[in-house]
Peer 1: 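Encoded as C-alpha cells, here's the structure I'll be asking about.
For clarity, every value in this text was computed on a predicted model and none was experimentally measured.
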Amino acid sequence: MREDAKYWIALSFVNGLGDVLTKNLYSAFRSAEDVFKASAKKLARVDGISENMALAIKGFDEWDKVGEEIEKIRKSGFGFLPLNDPHYPEHLLQIYNPPSYLLMQGALLPRDRVSIAIVGSRIPDTYGRIVTEALSGELAALGVTIVSGMARGIDSIAQEEALKRGGRTIAVLGSGIDIVYPPENKKLYRDISGNGAVLSEFPIGTPPIAQNFPRRNRIISGISLGV
C-alpha cells in the first residue's frame, strides 16, 4: 500500500471537491500530500479552487474515516492506483474528470494502452451476440485489449469471447471492487483478474446502485481508444 494513499483517499472525502478539481490540484502539485501541506493561499491559486474550498481542504478532519478505508483496502489486497501512479491508465488521465484513484484486482500492462471498449444491451438478440463475439474475438486475437463493464448481455459476451481467444480484458465496475455484479459473473470476475484487470473507483462495499453505472462509463471510454 502506497504511503501517500491516505492523502488521495482524503481528497475524495473532501465535501464538494470532486474529480475535476482534484485533477486541477494534481496538475498543480503532482502530489496529494503536497496539496494538504500547501497553504490556503496557494490552494486558492489553482483553477477552480475557491477560498472556501481551500479552507475546506485545510480544515479536513475525517482522518479516522480515511484510516478505516485504508485498512479495508490493505486487508483485501486490492491494488491502489492514484493519479500519480505510473500504472494509472495513460489514456484515462486525458479525460476531463478522471477518478482520483482506482482500486484494482489483477494487473494492467503496457499493451493495454491498445484497447477497445465493447458495450451494449443487457438483453441482446441473436444478431447482437454473433456480432459481439466476432468483433471481440478478432480484436483480442490481434492483441487488442477489450474493455467493458462486466454487465449482463453484450458486456459479458465481449469479455468472455476475448478470454476464449487468449486475449486480455478489463472490467470497470459500477460497484465496489469487492462486489460482483451480476452475481452470476463470479467466474468471469476471476478469469478477468487473471488475464487483465477489474477496476473500480468506488469505496469497498459500495452496492451496484443505478447512478453508479453512467458514472463508470466515462472510465470505460476514457481507458479505450474507441468504443
Side-chain angles (χ1 to χ4, degrees), residues 1 5 8-9 12-13 18-19 22 68-83 85 87-93 95 97-109 112-113 115-124 132 136 140 145-163 167-224 227:
M1 189 75 172
W8 287 106
I9 293 171
S12 73
F13 286 165
D19 294 326
T22 298
E68 291 171 3
E69 190 65 21
I70 287 176
E71 191 60 23
K72 289 179 187 177
I73 297 170
R74 184 178 288 117
K75 284 183 176 179
S76 70
F78 295 122
F80 181 84
L81 300 179
L83 284 169
D85 191 283
H87 295 102
Y88 192 94
E90 180 182 341
H91 300 311
L92 190 59
L93 282 172
I95 73 169
N97 56 342
S100 58
Y101 68 87
L102 293 164
L103 297 182
M104 177 176 69
Q105 180 78 314
L108 293 173
L109 302 180
D112 295 328
R113 288 195 292 265
S115 58
I116 292 292
I118 299 178
V119 295
S121 171
R122 268 52 169 178
I123 310 174
T132 299
S136 182
T145 297
I146 301 301
V147 181
S148 198
M150 211 179 77
R152 290 187 180 100
I154 295 298
D155 293 33
S156 294
I157 294 167
Q159 299 196 274
E160 288 168 353
E161 192 63 28
L163 293 168
R168 287 179 56 78
T169 183
I170 297 169
V172 184
L173 305 185
S175 62
I177 197 164
D178 58 319
I179 306 293
V180 179
Y181 183 81
E184 65 265 25
N185 274 352
K186 288 181 180 179
K187 182 180 183 301
L188 180 57
Y189 182 107
R190 292 194 300 269
D191 291 345
I192 293 172
S193 300
N195 295 276
V198 178
L199 304 174
S200 176
E201 68 175 317
F202 299 106
I204 286 176
T206 301
I209 56 178
Q211 67 199 48
N212 292 350
F213 293 94
R215 178 176 175 83
R216 67 88 188 265
N217 287 345
R218 82 193 193 288
I219 301 176
I220 293 176
S221 65
I223 288 174
S224 310
V227 181

Peer 1: Is there side-chain contact between L103 and F80, with heavy atoms separated by less than 4.5 Å?
Peer 2: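 Yes, close enough: below the 4.5 Å cut-off.
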Peer 1: Are P89 and D112 side-chain neighbours, meaning at least one heavy-atom pair lies under 4.5 Å?
Peer 2: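 Answer no - side chains too far apart.
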Peer 1: Do P99 and L92 have side chains that approach each other closer than 4.5 Å (heavy atoms only, starting at C-beta)?
Peer 2: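 The answer is yes, as the side chains (C-beta and beyond) meet within the 4.5 Å cut-off.
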Peer 1: So, using salt bridge (Lys or Arg N to Asp or Glu O under 4.0 Å) as the criterion, who are the partners of D191 when residues are at least two apart?
Peer 2: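 Applying salt bridge (Lys or Arg N to Asp or Glu O under 4.0 Å) to D191 gives K187.
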Peer 1: With rounding to the nearest 0.5 Å, note down the distance linking CZ in R216 to CD in E201.
Peer 2: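 Reported value, rounded in 0.5 Å steps: 10.5 Å.
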Peer 1: How many angstroms lie between atom CZ of F202 and atom CD1 of I209, to the nearest 0.5 angstrom?
Peer 2: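 That separation rounds to 7.5 Å.
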Peer 1: Using every non-hydrogen atom in the two residues, find where S224 and A117 come nearest and quote the distance to one decimal.
Peer 2: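 Taking every non-hydrogen atom into account, OG-CB, 3.4 Å.
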Peer 1: Check L108, I219, V172, D85 against L102 for a side chain to side chain contact (heavy atoms under 4.5 Å, CB included) and give me the one that passes.
Peer 2: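 Going through L108, I219, V172, D85 one by one, the side chain to side chain contact (heavy atoms under 4.5 Å, CB included) with L102 is satisfied by I219 alone.
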Peer 1: Measuring from atom CG of L199 to atom CG of L173, what distance do you get when rounded to the nearest 0.5 angstrom?
Peer 2: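 One finds 8.0 Å between CG of L199 and CG of L173.
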Peer 1: For the residue pair G18 and T22, what are the closest heavy atoms and their distance?
Peer 2: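 What the structure gives for the nearest pair is O-OG1, 2.7 Å.
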Peer 1: If you measure only the distance, is there a donor-acceptor pair under 3.5 Å linking the side chains of T169 and Q159?
Peer 2: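 Q159 and T169 do have a side-chain donor-acceptor pair below 3.5 Å.
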Peer 1: Evaluate the side-chain hydrogen bond (donor to acceptor under 3.5 Å, both in side chains) criterion for residues S156 and N185: first the C-alpha distance (whole Å), next the side-chain angles of each, then the deciding distance (0.1 Å), finally the verdict.
Peer 2: CA-CA 8 Å; S156 294; N185 274 352; 3.0 Å; yes
Peer 1: Of all residues at least two apart in sequence or in a different chain, which pass the side chain to side chain donor-acceptor pair (under 3.5 Å) check with E184?
Peer 2: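 R152.
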Peer 1: Considering all heavy atoms of both residues, which atom of P124 and which atom of I157 are nearest to each other, and what is their separation?
Peer 2: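 For P124 and I157, the tightest heavy-atom pair comes out as CG-CD1, 4.0 Å.
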Peer 1: I need the I154 CD1 to I118 CD1 distance, nearest 0.5 Å.
Peer 2: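 One gets 9.0 Å once the value is rounded to the nearest 0.5 Å.
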Peer 1: Rounded at 0.5 Å granularity, tell me how far CD in E68 sits from CD1 in I204.
Peer 2: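 Spacing of CD (E68) from CD1 (I204) equals 12.5 Å.
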Peer 1: Under 3.5 Å, side chain of D155 to main-chain N/O of S148, donor-acceptor pair present?
Peer 2: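 No: the side chain of D155 does not pair with the backbone of S148.
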Peer 1: Any idea which heavy atoms bring P98 and L93 closest together, and the distance?
Peer 2: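 Looking at all heavy atoms of both residues, the shortest contact is CG-O, 4.4 Å.
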Peer 1: Does NE2 in H87 sit with more than 12 non-hydrogen atoms of other residues, nucleotides or ligands closer than 6.0 Å?
Peer 2: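 Atom NE2 in H87 is not crowded, with 12 or fewer foreign heavy atoms closer than 6.0 Å.
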Peer 1: With the side chain counted from C-beta on, respond yes when L109 and T145 share a heavy-atom pair under 4.5 Å apart, and no when they do not.
Peer 2: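 A side-chain contact is absent here, since even the closest heavy-atom pair is not under 4.5 Å.
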Peer 1: List the atom of R218, the atom of N97, and the distance in Å for their closest heavy-atom pair.
Peer 2: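 Heavy atoms only, the tightest pair is NE-O, 2.8 Å.
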Peer 1: Return the CE to CG distance between M104 and L81, rounded to the nearest 0.5 Å.
Peer 2: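 CG of L81 is found 4.5 Å from CE of M104.
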Peer 1: So does S175 get a backbone contact from the side chain of S200, meaning a donor-acceptor N/O pair under 3.5 Å?
Peer 2: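 Judged by distance alone, yes, a pair lies under 3.5 Å.
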Peer 1: Quick one: closest heavy-atom pair of G222 and H91, and the distance?
Peer 2: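 Between these two residues, the closest heavy atoms are O-CB, 3.2 Å.
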